[in-house]
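Remarks on the structure that follows.
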Amino acid sequence: MQLDPFAGHHGAKILLAQCQARFLNPLMDLPFNIANHLDAALRVAAGKLSLLERGFQPEVRVADPANGDFQANGALAFAKREKQNPRALAQQIVDLLGDLSADFELTLAGPGFINFRLKPDALLRWLQIYDSEQHLQSGAASARRGQTWIVDYSSPNTAKQMHVGHLRSAVIGEALCRLLVFSGAKVIRDNHIGDWGTQFGKLIWAYKRHLDPAALAADPLEEFERLYKFGNHAAEADPAVLTQAQQELVQLQGGDATNLAIWQKINDVSLAAFQVIYDQLGIKFDYTLGESFYNDKVARVYQELTASGLATESQGALVVFHPEHPRFKTQPFLIRKKDGAANYASSDLATALYRSENFQADGVAYVIDFRQSDHMDQLFLTTKKWFEQTRRPLPQLEHVDFGTVLGEDNKPLKTRNGENIRLKDLLHEARERAFQLVSSKNPDFPEAERRAIADVVGVASVQYADLSQNRSSDYVFTWEKMISLEGNTAAYLLYAVARIRSIFRKAGFDPAQPPVSGATAPATAAEIMLARKLVKFSDAVQLATNNLRPHFLSLYLYELAGDYSSFYAADKVIVDDPALRARRLLLCHRTLTVLETGLHLLGLRTDLARM
RNA sequence: GCGCCCGUAGCUCAAUUGGAUAGAGCAUCUGGCUUCGAACCAGAGGGUCGGGAGUUCGAAUCUCUCCGGGCGCACCA
């Protein structure tokens, strides 16, 4: 906890009040997450009424601002179960919450809602404590301390360009990593690339016969993609080619030095190209353990699953059925093909084992699109039974699924000639469009600065368009909506950031060290609205993290930026009255801090002074 | 055929997982820049939450049933 040593008379009174409060009741301190604080207080009260042993849950949540800051709904469900009068029960609880009245206005509403509204002095205190990204994090980091999470995301196939289909996994996955880190978990970022597929037979066939060295030097991935298509067409047209391609694959898998070298080169080039994309998206993997890595680890899977009786032979293949499941009792989980080769189920099972043994993972989040939910369900079911039989700890397995990126015709987004849009091109166009816009708004900025701003705004817009939406649904991708920069967009949030920086710049203050001592409690309607929003940052983070849904945080940040804009329009910051100015500078600074912290959690850059 | 997901304002999307009068943006209309950045703000209109039935203090959310749309379902990953 930090207190401003230069706080004036008012600050001293607050300090005194805090000390007294802590002496009388430790719950009176204001922690990072106020909802949890209220939850604890309600449990104490419910304990005195002997409600806890009968299953009382406080059910504290953020309230509609019209009703208060937080509300506790637990009395309703409890009274219903116990056939009591909910309002009378809520009143009994409220009567025991006297200590909270120093910081909150408590009211009873409707059939038994308990409403909590933070008093301005309490708002001020919270704002004084949580004054930096570090302090916000230290407040949040207790939630998942000690947990290890593996996030399996992005996972493109090598020898191919990344395209729009790879966008969501990368963007959502990175945001989840950052959210989990923020809440105290150890996070392992694992790029489970597809580097051992059957595409290599045709590709190596074409590489050996039709390689264009100049094209390879200019843009290797482009050339590999051309070669793959060439090989694919040739194999379709001529069975002899297909046979040769299959032969190349057999040689590769048999460890042939030439083919392995080609394969290695393809992977190296692919990973380098991926990294160019990842750099723009702020992604850095801890591990890139693709399918090839598990090549020699699948035999153990076959052996263990067969020995345990989970896997059986069927039509020549090794499969797992789940008799208790309505569908998977007949729909097999195919873990080894009839030709003896591994498939993605084999390597996914081997991966689950490896992660359990080597990383002691408490949780694994698979950021993979919804079309693979059958596969994920079968994988999780099989892993669960397998680990139980072998007495291994089972990590929490989460399929973080997401919908398809659609074009304006409501079909999966493609180029005009029906090809997938490359991520490289998409990000380039985003930056280009942002540059045009920045240039039209601020033609007087130097070009280099306009470029730098466009790089931030353009990429952030693409990321945010994805993260601001519930991942479960498909979403329609339109440049119009994304780059026109109105409404719930990255640009709107970054504009708020730029305007706050502008105030500090114009007033000659260091944004890191604003003169906020002597700040008084928020008082105007806009100030109070903004302060009330700021203290709910932790709830948004918690909601986003617990549900593995970043859009909860996006929505919060958008509302925060909106409240700031209203405040900015209503209340002038740089005024003569020192206490009033300090108060408003404090609000500006904390808004900047929370906005940047939140945007960083989503994986966006915020490094622009103006835009 | 079996199963999963979805259907909310003209359009694009929310709704803290069963809570209070279903909210935003775009578009439309009205007002606000000699005052810290108007990429902004204030306000207005716009809804049988796909239809119907049920569960209960309370349903967009849960159950059933229709109607529409998307996606999976034996050797691609």
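Reminder, nothing fancy here: chain letters follow the sequence lines and each chain counts from 1.
Around CE of A/Met376, the count of heavy atoms belonging to other residues, nucleotides or ligands within 6.0 Å exceeds 12. Atom CG of A/Asp444 has more than 12 heavy atoms from other residues, nucleotides or ligands within 6.0 Å.
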Polar atom pairs between nucleotides 21-27 of chain B and protein, under 3.5 Å, N or O only, would you list them?
{"residue": "B/rA24", "atom": "O2'", "partner": "A/Tyr558", "partner atom": "OH", "Å": "3.3"}

Contacts under 3.5 Å, N or O only, protein and nucleotides 9-11 of chain B:
none

Please list, for nucleotides 58-65 of chain B, all pairs of protein and nucleotide N/O atoms separated by less than 3.5 Å.
{"residue": "B/rG58", "atom": "O6", "partner": "A/Lys80", "partner atom": "NZ", "Å": "3.1"}

Extract from the structure each pairing of a protein N or O with an N or O of nucleotides 32-36 of chain B at less than 3.5 Å, listing the distance.
{"residue": "B/rU35", "atom": "O2'", "partner": "A/Lys572", "partner atom": "NZ", "Å": "3.4"}
{"residue": "B/rC36", "atom": "O4'", "partner": "A/Lys572", "partner atom": "NZ", "Å": "3.4"}
{"residue": "B/rC36", "atom": "O2", "partner": "A/Val573", "partner atom": "N", "Å": "3.4"}
{"residue": "B/rC36", "atom": "O2", "partner": "A/Ile574", "partner atom": "N", "Å": "3.0"}
{"residue": "B/rC36", "atom": "N3", "partner": "A/Val573", "partner atom": "N", "Å": "2.8"}
{"residue": "B/rC36", "atom": "N4", "partner": "A/Tyr568", "partner atom": "O", "Å": "2.6"}
{"residue": "B/rC36", "atom": "N4", "partner": "A/Asp571", "partner atom": "O", "Å": "2.9"}

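Atom P of nucleotide B/rA74 and atom NZ of A/Lys337 are separated by 15 Å, given to the nearest angstrom. The CZ atom of A/Phe321 sits 11 Å away from the P atom of B/rA74 (whole-angstrom rounding).
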**Message:** Could you walk me through whether A/Tyr558 and A/Tyr464 satisfy the ring-ring contact (aromatic ring centres under 6.0 Å, His included) test, starting with their C-alpha distance in whole Å, then the side-chain angles of each, then the deciding distance to 0.1 Å, before giving a yes or no?
**Reply:** CA-CA 11 Å; A/Tyr558 173 58; A/Tyr464 192 82; 8.0 Å; no
**Request:** Test side chain to side chain donor-acceptor pair (under 3.5 Å) on A/Gln71 and A/Asn73 and set out the steps.
**Result:** CA-CA 6 Å; A/Gln71 62 184 57; A/Asn73 300 347; 3.0 Å; yes
**Test side chain to side chain donor-acceptor pair (under 3.5 Å) applied to A/Asn343 and A/Ser346, step by step** = CA-CA 5 Å; A/Asn343 67 354; A/Ser346 337; 2.8 Å; yes
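Shown here are the ring-ring contact (aromatic ring centres under 6.0 Å, His included) partners of A/Phe70, two or more places apart in sequence or in another chain: there are none. Legend: residues meeting ring-ring contact (aromatic ring centres under 6.0 Å, His included) with A/Phe328, ordered by chain and number and at least two apart, are A/His325.
Remark: A/His551 is in phosphate contact with B/rA15, judged by side-chain N or O atoms under 4.0 Å from OP1 or OP2. Taking 4.0 angstrom as the limit, A/Gln315 places none of its side-chain polar atoms (N or O) nearer than this to OP1 or OP2 of B/rA74. Distances shown here put every side-chain N or O of A/Ser440 at or beyond 4.0 Å from the OP1 or OP2 atom of B/rA39. In this structure, A/Arg499 does not reach the B/rA39 phosphate: none of its side-chain N or O atoms is under 4.0 Å from OP1 or OP2. Contact between the side-chain N/O atoms of A/Ser472 and the OP1/OP2 oxygens of B/rC6 is not found at any separation under 4.0 Å.
Between A/Asn343 and A/Pro326, the residue whose closest nucleotide on RNA chain B is further toward the 5' end is A/Pro326. Of the residues near RNA chain B, A/Phe370 and A/Val476, the one whose nearest nucleotide (by heavy atom distance) lies more toward the 5' end is A/Val476.
Note on A/Arg371 versus A/Asp369: salt bridge recorded, some NZ/NE/NH1/NH2 to OD/OE distance being below 4.0 Å. Residues A/Glu596 and A/Arg501 are paired through a salt bridge, judged by an N-O separation under 4.0 Å between the basic side chain and the carboxylate. At a threshold of 4.0 Å, the pair A/Glu248-A/Lys202 does not count as salt-bridged, since none of the basic side-chain nitrogens sits closer than that to a carboxylate oxygen.
Judged by atom type and distance alone, A/Thr489 does not reach the base of B/rA39 through any side-chain donor-acceptor pair under 3.5 Å. Counting distance only, with no hydrogens placed and no angle test, the side-chain atoms of A/Asn115 and the base atoms of B/rA20 include a donor-acceptor pair under 3.5 Å. Scanning atom types as modelled, one donor and one acceptor separated by under 3.5 angstrom connect the side chain of A/Gln71 and the base of B/rA20. For B/rU17, its base sits under 3.5 Å from the side chain of A/Asn547 at one donor and acceptor pair at least.
Nucleotides B/rA60 and B/rU21 have their C1' atoms positioned 15 Å apart, rounded to a whole Å. Of the C1' atoms belonging to B/rC13 and B/rG47, the separation is 15 Å, rounded to the nearest Å. Look at the C1' atom in both B/rA15 and B/rG25: the space between them is 15 Å, to the nearest Å.
Pair assignment for B/rU28: B/rA44, on the basis of Watson-Crick or G-U wobble contacts that are both within less than 3.5 Å. The partner of B/rG58 is absent, by the rule that a Watson-Crick or G-U pair needs both atom distances under 3.5 Å.
Residue contacts shown for A/Leu334 include a base, since a base heavy atom lies under 4.0 Å away. Using a 4.0 Å heavy-atom criterion, one finds that A/Leu494 contacts no nucleic acid atom at all. Contact annotation for A/Ser314: base contact, defined as any heavy-atom pair under 4.0 Å involving a base atom.
Base orientation of B/rU63: anti, since the glycosidic angle falls outside 90° of 0.
Across B/rA74, B/rG3, B/rC13, the shortest atom-to-atom separation from the side chain of A/Tyr475 is found for B/rC13.
Under the stacking criterion of a centre-to-centre distance below 5.5 angstrom and an interplanar angle below 30°, A/Tyr495 is not stacked against the six-membered ring of B/rG37.
Ring centroids of A/His375 and A/Tyr344 are separated by less than 6.0 Å, placing the two rings close together.
The minimum heavy-atom distance between A/Tyr294 and A/Leu289, with the atom names listed, is CE1-O, 3.6 Å.
Expressed to the nearest 0.5 Å, how far CG of A/Leu555 lies from CG of A/Asn488 amounts to 6.5 Å.
Both tests hold for A/Arg336 against A/Tyr302: distance to the six-membered ring centre under 6.0 Å, angle to the ring axis within 45°.
Applying salt bridge (Lys or Arg N to Asp or Glu O under 4.0 Å) to A/Asp69 and the options A/Arg532, A/Arg117, A/Lys533 leaves one that passes, A/Arg532.
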